[in-house]
Amino acid sequence: MSVLLSALVLTAGAAASYGLSLLRKPPDRATPSNRQYSVEIISLKPIDLQEIVHAFGTAKPEKEVVVSAQLAGEITEIHPHLKVGIHVVSSDRKHDAGAEENRSNGDLLLRIDPRSYTLRVEAARHHLEEDQAELRKIEQEEGNLKRVYEKIVADWEDTVREYQKIAQLREKQISTDSDLRRAQMELRQYEKAKIQSNNERDLFPFRREQTKQRMESHATDLEISLLELTKTLIRPPFDGVLSLVNVERGQYVRVGEPLLTITSSMQVEVALSVTLEDYAKLLPNVFEQQYSSVELAENETANPRWTGHVVRVSPKADEQTRTATVYVLVDNSTQDTPLLPGTFVHARVNGPILKQILAVPRDAVLNGKAFVERDGIVSQRTVKIRRTLHGLALIDGGLESGDRVVLTNHDTLFEGALVNPSAERTLGEELAKQSTYAVKIIEPRVIFE
């Protein structure tokens with residue numbers, strides 16, 4: 001009886017709820033929205049980009065020499081303006097007609113006391129003159145001996161005839177044995193004199209050769225003495241600027257003691273430490289002798305102030321830093337402001353050229369997808385990125401030339417959303433926003449017919 005009563009109560013409640021639901025009004029449905037989103041876009045087109053390798057380095061002079069004393073002695077003469085910063089001229093530089101005599105051999109910076117070295121030169125010359133006199137004496141003696149030998153030969157021939165005559169008379173019993181022995185002894189004396197004269201004459205080539213060798217030795221001594229004498233004059237080995245002076249007049253210097261330092265700032269070299277990846281980018285051009293141009297500035301954000309080019313690379317890497325060294329040459333004669341040795345610079349080296357690629361700002365691709373606008377409607381595409389370069393993404397698939405990629409409002413857009421492109425940006429404008437850029441656009445050359 002209780003179960004039946006409960007069922008009746010539930011049935012009555014359900015009927016009452018259904019009746020009330022029929023009295024309710026249906027809720028108002030929202031009409032679809034036609035909202036348009038304001039976005040910025042970039043149009044894709046193939047373009048040539050050149051990678052930029054960034055590095056730091058310190059400028060050093062290509063030529064700098066510490067001039068040291070090659071002789072010992074007292075400094076007796078000094079350039080009247082021997083101060084740091086003066087420009088000095090070497091003997092290699094050509095001068096106009098009428099230039100000072102000393103400048104034709106280069107500026108005279110210092111002179112070491114030359115007196116002892118001058119005496120050595122004079123002594124060597126005297127020895128050489130003695131040898132020359134000895135050689136003339138030998139030639140005179142040889143001429144004299146030749147005349148004596150001719151006289152001895154003539155007398156010997158007469159003696160031979162006289163001996164033969166006496167020998168014939170002895171056979172006829174006209175002369176005595178005493179006359180024959182006397183003629184024979186006289187003949188032997190002339191033969192001995194003839195042999196002795198021949199021996200002396202044979203010695204002349206050896207005496208002459210000995211004297212000539214002695215002359216060569218003394219000539220070498222004279223050349224060495226003259227060379228030492230020239231070393232008393234200190235002149236610059238090349239055109240440059242004095243960067244350090246270590247001596248004063250009256251100072252005694254020893255062999256090897258540094259006197260002054262000359263620096264040539266016409267060309268300076270900057271050694272850049274680059275990563276092995278960047279080193280690999282620059283190496284092919286160096287092997288092909290296509291030396292990359294380089295822009296140099298005081299820091300990463302400053303405008304380029306100097307230009308140079310890569311001239312060589314190190315053959316090995318640094319084991320500790322995992323870097324390799326690239327050398328850049330800067331010719332100061334072509335710069336508006338010379339690059340001073342010792343300046344710390346930021347270098348931007350032109351690397352390999354990427355030809356006809358598609359690139360977008362890296363923020364335009366989120367989680368491998370990008371929004372593309374066409375006729376005011378966006379669609380979402382899956383994008384394949386080849387690699388990224390700082391703020392750029394290099395596209396390898398999913399986007400084509402002519403696609404208009406959306407750059408803004410990615411968090412509110414969806415498939416099929418309506419958009420109103422308020423601005424169209426270019427890749428050049430995107431690169432200009434970067435404080436340090438990793439690539440630059442290679443503009444096509446216009447060829448006129």
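Residue indices begin at 1 and follow the sequence shown.
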Nearest heavy-atom contact between V255 and A72 is CG2-N, 3.8 Å
Could you check whether any side-chain heavy atom of L427 comes within less than 4.5 Å of a side-chain heavy atom of L49, counting everything from C-beta outward?
yes
Here the gap from L119 atom CG to S225 atom OG, rounded to the nearest 0.5 Å, amounts to 10.5 Å
For A124, does its backbone N or O pair with a side-chain atom of D221 as donor and acceptor, under 3.5 Å?
no
More than 12 foreign heavy atoms under 6.0 Å from CG of N299: is that the case here?
-> yes
Point to revise | Any side-chain donor near an acceptor of the partner, D48 and Q356, under 3.5 Å | key: yes
Quiz item: Got more than 12 heavy atoms from elsewhere within 6.0 Å of NZ, K60?
Solution: no
The salt bridge (Lys or Arg N to Asp or Glu O under 4.0 Å) partners of R348 (sequence neighbours excluded) come to none
Rounding to 0.5 Å, atoms CG (L233) and CG (L108) come to a distance of 5.5 Å
Quick check against the 3.5 Å criterion: does N285 have a side-chain atom that pairs as donor or acceptor with the backbone of P352? no
- Query: Is there a donor-acceptor contact under 3.5 Å linking the side chains of Q140 and N144?
  - Reply: yes
The reported gap from OG1 in T426 to CG in L431 (rounded to nearest 0.5 angstrom) is 8.5 Å
(Q) Would you say that F371 contacts N409 through its side chain, given a criterion of any heavy-atom pair below 4.5 Å between the two side chains? (A) no
Heavy atoms of A370 and V383 approach each other most closely as CB-CG2, 3.7 Å
Sequence neighbours excluded, the answer for salt bridge (Lys or Arg N to Asp or Glu O under 4.0 Å) partners of R254 is none
Rounded to the nearest 0.5 Å, the CG atom of L392 sits from the CD1 atom of I357 at a distance of 8.0 Å
Residue set satisfying side chain to side chain donor-acceptor pair (under 3.5 Å) with K440, at least two apart, ordered chain then number -> N350
In short, H410 meets V406 closest at the heavy-atom pair NE2-O, 2.9 Å
In short, ring-ring contact (aromatic ring centres under 6.0 Å, His included) pairs touching residues 316-367 with sequence neighbours left out are H54-H346, F56-F344, F56-H346
| query | Would S379 and R374 count as a side chain to side chain contact (heavy atoms under 4.5 Å, CB included) if you check the C-alpha gap in whole Å, the side-chain angles of each, and the deciding distance to 0.1 Å? | reply | CA-CA 8 Å; S379 59; R374 184 175 183 182; over 6 Å; no
Residue set satisfying side-chain contact (heavy atoms from CB on, under 4.5 Å) with L242, at least two apart, ordered chain then number -> L82, I86, V88, V245, L260, I262
Beyond-backbone contact of L110 with I112, side-chain heavy atoms, under 4.5 angstrom: no
### Query
Short question: side chain of D131, backbone of T211 - any donor-acceptor pair under 3.5 Å?
no
Salt bridge present between R214 and E134 (N-O < 4.0 angstrom) = no
Quiz item: E415 side chain to Q380 main-chain N or O, any donor-acceptor pair under 3.5 Å?
Solution: yes
Looking only at heavy atoms, the pair that brings L272 and A347 closest together is CD1-CB, 3.5 Å
Heavy-atom side-chain contact between M215 and Q132 under 4.5 Å: yes
message: With side chain to side chain contact (heavy atoms under 4.5 Å, CB included) as the criterion, how do S264 and E64 come out once you've worked through the C-alpha distance, each side chain's angles and the decisive distance to 0.1 Å?
response: CA-CA 6 Å; S264 175; E64 185 177 51; over 6 Å; no
Are more than 12 heavy atoms, taken from residues, nucleotides or ligands other than N367, located less than 6.0 Å from that residue's CG atom?
no
Applying side-chain contact (heavy atoms from CB on, under 4.5 Å) to A417 and not counting sequence neighbours gives Y37, V378, L413, F414
* Asked: Taking side chain as C-beta onward, heavy atoms only, is T307 less than 4.5 Å from Q335?
  -> yes
Open item on the list: Any heavy-atom pair between the side chains of L407 and P361 that's under 4.5 Å?
Closed with: yes
Looking at D396 and K384, would you say the former's side chain and the latter's main chain have a donor-acceptor pair under 3.5 Å? no
V345 side chain near L339 side chain, heavy-atom distance below 4.5 Å:
yes
Correct closest heavy-atom pair for Y252 and E74 would be CD1-N, 3.9 Å
Could you tell me whether a side-chain N or O of D318 sits under 3.5 Å from a main-chain N or O of Q320, the two making a donor and an acceptor? yes
| said: As a quick check of understanding, evaluate side chain to side chain contact (heavy atoms under 4.5 Å, CB included) for L135 and R208, giving each step before the final call. | reply: CA-CA 6 Å; L135 188 60; R208 185 182 294 107; 3.5 Å; yes
Sequence neighbours excluded, the answer for side chain to side chain donor-acceptor pair (under 3.5 Å) partners of E295 is none
CD1 (I47) and CG (L354) are apart, to the nearest 0.5 Å, by 11.0 Å
When rounded to the nearest 0.5 Å, the distance separating CG of L229 from CG of L222 is 10.5 Å
Q. Do the non-hydrogen side-chain atoms of P46 and L358 ever get within less than 4.5 Å of each other?
A. yes
task: Apply side chain to side chain contact (heavy atoms under 4.5 Å, CB included) to E248 and I75, showing your working.
output: CA-CA 7 Å; E248 295 290 344; I75 302 296; over 6 Å; no
So ring-ring contact (aromatic ring centres under 6.0 Å, His included) across residues 278-317, not counting sequence neighbours, yields none
- Count the heavy atoms of every other residue, nucleotide or ligand shown that sit under 6.0 Å from CG of D411, and state whether that count exceeds 12. yes
Is the side chain of R249 donor-acceptor paired with the backbone N or O of E77 at a distance under 3.5 Å, no angle test? no
The complete set of salt bridge (charged side-chain N to carboxylate O under 4.0 Å, His left out) pairs with one or both residues in residues 358-373, sequence neighbours excluded, reads E373-R404
When every non-hydrogen atom of L282 is compared with those of G351, the smallest separation belongs to CD2-CA, 4.0 Å
- For the pair D403 (side chain) and V405 (backbone), establish whether a donor and an acceptor sit closer than 3.5 Å, ignoring hydrogens and angles. no
**Message:** Strictly distance-based, threshold 3.5 Å: is any side-chain N or O of D239 a donor or acceptor partner for the main-chain N or O of S90?
**Reply:** yes
Side chain to side chain donor-acceptor pair (under 3.5 Å) filter on T275, not counting sequence neighbours, yields D278
Hits for salt bridge (Lys or Arg N to Asp or Glu O under 4.0 Å) against R125, two or more places apart or cross-chain, chain-then-number order -> E122
Those residues at least two apart in sequence (or on a different chain) that pass salt bridge (Lys or Arg N to Asp or Glu O under 4.0 Å) with E269 are R312
Has S422 got a side-chain atom pairing as donor or acceptor with V39's backbone, closer than 3.5 angstrom?
yes
